[in-house]
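In what follows, a structure is listed as structure tokens, so that the remarks can point back to it.
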2 protein chains.
Amino acid sequence: MSAALTRSEKKRQDILAAAKQAFQQEGYDKTSMDRIAKLASVSKRTVYNHFESKEVLIMTLMAEMWQQVMHSPAVHFKPDVPVREQLIELLLREIEAMSDEEFLALNRVAFGYFFFEPDAMKRQLERMGVQETAMMSWLKAASESGQLKPLDANQASTQLHGLIKAEAFWPQMLRIAPVLTEPERVSLAERSADLFLSHYQA
Amino acid sequence: MSAALTRSEKKRQDILAAAKQAFQQEGYDKTSMDRIAKLASVSKRTVYNHFESKEVLIMTLMAEMWQQVMHSPAVHFKPDVPVREQLIELLLREIEAMSDEEFLALNRVAFGYFFFEPDAMKRQLERMGVQETAMMSWLKAASESGQLKPLDANQASTQLHGLIKAEAFWPQMLRIAPVLTEPERVSLAERSADLFLSHYQA
DNA sequence: TTTGTACACTACACTGTATAGTTTACTTTG
DNA sequence: CAAAGTAAACTATACAGTGTAGTGTACAAA
């Protein structure tokens, strides 16, 4: 079913790809519809045949990118596996997720667009932060099982996210550092887990 | 000498204040020179008499905000004071610095302006990150004195900053959470120091 | 106290350009 | 041939920056 794109559908994809690239690199305001058309090798009219306005275009784009990105598998706490091993696994997944080019691209587009609209920004970040819930339930379970000390799951989750985002998200989203390599990710997950467990392991 | 502003100097200040507000709330692109003039209760021509272009205006603004913000006192490691106490003090200072409204405002303006120019963004962040150097030398000294385990000062500094920025910088810069109250700051400094020291204290 | 002078400020019209979105006349493709 | 695409000109608007004629203010000379 995937190669069976009609010409029209292909044009649509081209336009979305062009918009993704342009919005990511230049931002919404500085990207003209003429430029998107040119980048997509499509006439401007065709852009408007598929998307009735620039606003609709970026919204559709963000919605579709969202689809691609959202697949949180939800890791459950297993009482029989060592906490360290589990935590490293969990952190590694989060690091992989935030290192995904598509995820970064979505964030760049959304940040550029919502940066000056705190309410929309907040909603956006809350959607993104669904993972935090998964981590929080893992932390709660690990704590209740007695393998971690009693803790404020919210605080602990924020700490863990702070640790990994400082190296694996913010610099990449701002394009001031390249995406982490696999060994770097493993090292980050291990160091973060070790720091965390030194304090929280029962 | 402070109240002795000529009319011209006052107008200049009004314009900069208006620009600060507008650029912070709406962003560079969406803020017109007409709007700035109106906000400053000044004619558009006066804006151009003081600043030859919009570009010069925002650059001047950022430079002046930079002056106000940059005053890093540099904390030195004292072998005779308990590490925990010193670290909390150091973290608290960093938290205060990043909670400063002027600092946040500068960051919002600069982010909005540089977000899509990675090179300029990088330079900006490197200037901002001067504090990180101070923290790193404290960490090195503390480690060499034997009070902290041997550590990679760079990594350790990133971890500490990750911990505090997750609560005291990113949410505030994005306007999705209010600036921390004094007790919240103390709590954050203590929790971060304790987590860190559980792992790194010798 | 009045008058003269320099200069910054104001109001407003104007130029030039960029850009969202539309229209039209014609072409390509399934 | 019908649906979708193309190129290019067009409308409407916003906005950076300029030019100008006149006004307000500070300050000094008379």
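Atoms considered below: every heavy atom in the structure, side chains included; atoms not considered: hydrogens, waters and symmetry mates. Protein chains get the first letters and strands the later ones, always in sequence-line order, with residue 1 at the start of each.
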Side chains of T158(B) and Q155(B), donor plus acceptor under 3.5 Å: no
Ignoring hydrogens and geometry beyond distance, is a side-chain donor-acceptor pair present between Q147(B) and Y200(B) at under 3.5 Å? no
Using whole Å, what does the distance between atom [atom2] of nucleotide [N] and atom [atom1] of [X] come to?
| X | N | atom1 | atom2 | value |
| --- | --- | --- | --- | --- |
| Y28(A) | dA18(C) | OH | P | 19 Å |
| L57(A) | dG21(C) | CG | P | 10 Å |
| F51(A) | dA20(C) | CZ | P | 15 Å |
| R35(A) | dA20(C) | CZ | P | 12 Å |
| D29(A) | dA14(D) | CG | P | 15 Å |
| K10(A) | dT29(C) | NZ | C1' | 15 Å |
| R12(B) | dC9(C) | CZ | C1' | 16 Å |
| K38(A) | dA20(C) | NZ | P | 15 Å |

Please tell me which of the listed nucleotides, dA11(C), dT6(D), dA20(C), lies nearest to the side chain of K11(A)? dT6(D)
From the list dT10(C), dT6(D), dT25(D), which nucleotide is the closest neighbour of the side chain of T46(A)? dT6(D)
Distance test, side-chain N/O of H50(A) to OP1/OP2 of dA4(D), below 4.0 Å: no
Can a side chain N or O of T6(A) be found less than 4.0 Å away from OP1 or OP2 on dG30(C)? no
Can you name the closest pair of heavy atoms from A141(A) and F77(A) and give their distance? CB-CB, 3.6 Å
Looking only at heavy atoms, the pair that brings I164(B) and L188(B) closest together is O-CD2, 3.9 Å
Whether Q24(B) side chain and Q21(B) backbone form a donor-acceptor pair below 3.5 Å: no
For nucleotides 17-21 of chain D, tabulate all protein N/O to nucleotide N/O atom pairs closer than 3.5 Å, reporting atom names and distance.
| residue | atom | partner | partner atom | Å |
| --- | --- | --- | --- | --- |
| dG17(D) | OP2 | Y48(B) | OH | 3.2 |
| dG17(D) | OP2 | K54(B) | N | 2.8 |
| dG17(D) | N7 | K44(B) | NZ | 2.9 |
| dG17(D) | O6 | K44(B) | NZ | 3.1 |
| dG19(D) | N7 | R45(B) | NE | 3.0 |
| dG19(D) | O6 | R45(B) | NE | 3.3 |

Sorted by chain and residue number, the side chain to side chain donor-acceptor pair (under 3.5 Å) partners of E190(B) (sequence neighbours excluded) come out as none
Overall bend of the helix from dT1(C)-dA30(D) to dG30(C)-dC1(D) (five pairs an end, 10° steps) is 10°
Quick check with a 6.0 Å cut-off and a 45 degree axis cone: is K54(A) positioned over the face of Y28(A)'s six-membered ring? yes
Atom pair CG (L87(B)) and CZ (F196(B)), whose distance is rounded to the nearest 0.5 Å: 6.5 Å
By the 4.0 Å heavy-atom rule, please label S32(A) as base, sugar-phosphate, or nothing. sugar-phosphate
Below 30° counts as parallel, above 60° as perpendicular, anything between as tilted: where do the rings of F111(A) and F115(B) land? parallel
